[in-house]
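Have a look at the structure below, then the notes.
Proteins get letters first, then strands, A, B, ... in listed order; numbering begins at 1 in each.
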Number of protein chains: 2
Amino acid sequence: MPSTAAADTLKAIKLLEGRWKLIILFHLFDGKVQRYSDLERLIPDISQKMLAQQLRRLEFDGIVHRTVYPEVPPKVEYRLTEWGQALCPALDALLSWADQKDSFEEPA
Amino acid sequence: MPSTAAADTLKAIKLLEGRWKLIILFHLFDGKVQRYSDLERLIPDISQKMLAQQLRRLEFDGIVHRTVYPEVPPKVEYRLTEWGQALCPALDALLSWADQKDSFEEPA
DNA sequence: TAAGTAACTTACTTTTTTGTGCGTTCTTGA
DNA sequence: TCAAGAACGCACAAAAAAGTAAGTTACTTA
């Protein structure tokens, strides 16, 4: 284990931190393609500002791909990059960790 | 995949979010036991307040175990719970995801 | 001419998280 | 008598994240 493992894991988690990113990602898994307005509908509590901002960040980080169709009114589609799809196993591992909680009960 | 998968993964990530938690955890992996003052030394930039606060939160969440020795001056030791140790594979999965990044280069 | 549409910006406010510095406790050794 | 040591707690300040509401663009259709 190189000494950067901790730092790199930190970075990985930072890419996913925040109130909205995972929620957005879950709507894009399995190759789903969504328009901005689809995501707005699927995530009723998010503000337009946060949706746009987090999508841009996910795009910048290489997790989400953005396609603009030059139409009026505008049309923009979002999908995961391949690397974004590759997040699945890691999130599954986290989920199964969370699920295991009750099977470990600490001795007092 | 039950429909709570997204919500549960969210919760799991929230347990690890923030500037300090993973840093603290990395110093406790592999059964390492550390005193409060050890962690202070190992994490030079953290303030006492944040160290105490995050340790309490990790304890509350069942990830870290806290042992107080009734001595003067005080002695308090921290170690991972079994469930806390069980985080390793999930963090490894995240790390390997991060490492894979360059092997996926998106077609423009 | 005017309203409608999708996908955002921008300016501003509120909330949450993090940081700073000092105080507290109790006993021991100089 | 008094400073030292370990592990905090507390009040307050700064910074970061999130939320609110209104404005923008550039065509299309009524």
Side-chain angles (χ1 to χ4, degrees), chain A residues 6-7 9-28 32-61 63-80, chain B residues 6-7 9-28 32-61 63-80:
Chain A
T9 310
L10 248 298
K11 277 186 208 165
I13 284 248
K14 286 208 173 166
L15 300 183
L16 307 174
E17 269 185 348
R19 183 164 169 189
W20 299 113
K21 285 184 201 149
L22 279 186
I23 297 179
I24 294 171
L25 292 181
F26 274 104
H27 288 291
L28 296 174
K32 279 175 201 140
V33 177
Q34 310 275 10
R35 297 183 59 171
Y36 180 91
S37 51
D38 293 330
L39 292 168
E40 257 191 294
R41 182 178 35 78
L42 291 165
I43 310 172
D45 287 347
I46 202 171
S47 67
Q48 294 187 317
K49 175 195 152 187
M50 290 309 290
L51 181 54
Q53 186 179 101
Q54 300 303 308
L55 282 169
R56 295 312 177 92
R57 204 164 286 178
L58 289 167
E59 187 198 4
F60 179 84
D61 291 331
I63 297 172
V64 157
H65 183 82
R66 181 168 178 264
T67 313
V68 182
Y69 297 89
E71 304 176 359
V72 171
K75 175 175 174 183
V76 181
E77 285 183 344
Y78 294 92
R79 63 175 177 77
L80 294 181
Chain B
T9 310
L10 247 300
K11 277 186 209 163
I13 283 250
K14 287 209 172 165
L15 300 183
L16 308 175
E17 269 185 348
R19 181 164 171 190
W20 299 113
K21 285 184 201 148
L22 279 187
I23 297 178
I24 294 170
L25 291 181
F26 274 104
H27 288 293
L28 295 174
K32 280 175 200 139
V33 177
Q34 311 274 10
R35 297 181 59 169
Y36 179 90
S37 50
D38 293 330
L39 292 169
E40 257 190 294
R41 182 177 36 79
L42 292 165
I43 311 172
D45 287 348
I46 201 171
S47 67
Q48 293 186 319
K49 176 196 154 190
M50 290 308 291
L51 180 54
Q53 189 180 99
Q54 301 302 308
L55 282 168
R56 294 314 176 93
R57 203 164 287 176
L58 291 167
E59 186 196 6
F60 178 84
D61 291 331
I63 297 171
V64 156
H65 183 81
R66 180 167 179 267
T67 313
V68 182
Y69 298 89
E71 306 175 356
V72 170
K75 174 176 175 180
V76 181
E77 285 183 343
Y78 294 92
R79 62 175 177 79
L80 293 181

Any side-chain N or O of [X] less than 4.0 Å from the OP1 or OP2 oxygen of [N]?
X	N	answer
A/R57	D/dA17	no
A/S37	C/dA7	yes
B/W20	C/dT17	no
A/Y78	C/dA6	no
A/R35	C/dA7	yes

Proximity to the side chain of [X] - top-ranked nucleotide from [options]:
X	options	answer
A/Q48	C/dC26, C/dA7, D/dA7	C/dA7
B/Q54	C/dT18, D/dA6, C/dC8	C/dT18
A/A52	D/dG9, C/dT9, C/dA7	C/dT9
B/M50	C/dG19, D/dA6, D/dG5	C/dG19
B/Y36	C/dA7, D/dC8, C/dT18	D/dC8
A/R56	C/dC8, D/dG9, C/dA6	C/dC8

Rounded distance in Å - [atom1] ([X]) to [atom2] ([N]):
X	N	atom1	atom2	value
B/R66	D/dA6	CZ	C1'	12 Å
B/Q53	D/dA7	CD	P	18 Å
B/E59	D/dC8	CD	P	9 Å
A/I46	D/dT20	CD1	C1'	14 Å
B/K75	D/dA7	NZ	P	9 Å
A/R19	C/dT15	CZ	P	13 Å
B/K49	C/dT24	NZ	P	19 Å
A/E71	C/dG4	CD	C1'	16 Å

Does [X] reach the side chain of [Y], with side-chain heavy atoms less than 4.5 Å apart?
X	Y	answer
A/E40	A/Q48	yes
B/W20	B/L55	no
A/Y78	A/I24	no

Would you call B/D38 and B/R35 a salt bridge, taking side-chain N to carboxylate O under 4.0 Å as the test?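 B/R35 and B/D38: not salt-bridged.
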
Nearest atoms (heavy-atom pairs only) where [X] meets [Y]:
X	Y	answer
A/L42	A/P44	O-CD, 3.3 Å
A/I13	B/I13	CD1-CD1, 4.5 Å
B/I46	B/M50	CG1-CB, 3.8 Å

Quantified as the angle between the terminal helix axes (five pairs each), what is the overall bend of the helix from C/dT1-D/dA30 to C/dA30-D/dT1 to 10 degrees?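 About 30° separates the two local helix axes.
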
Counting only N and O atoms by type, is there a donor-acceptor contact under 3.5 Å from the side chain of A/K21 to the main-chain atoms of A/E17?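 Between the backbone of A/E17 and the side chain of A/K21 there is a qualifying donor-acceptor contact (under 3.5 Å).
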
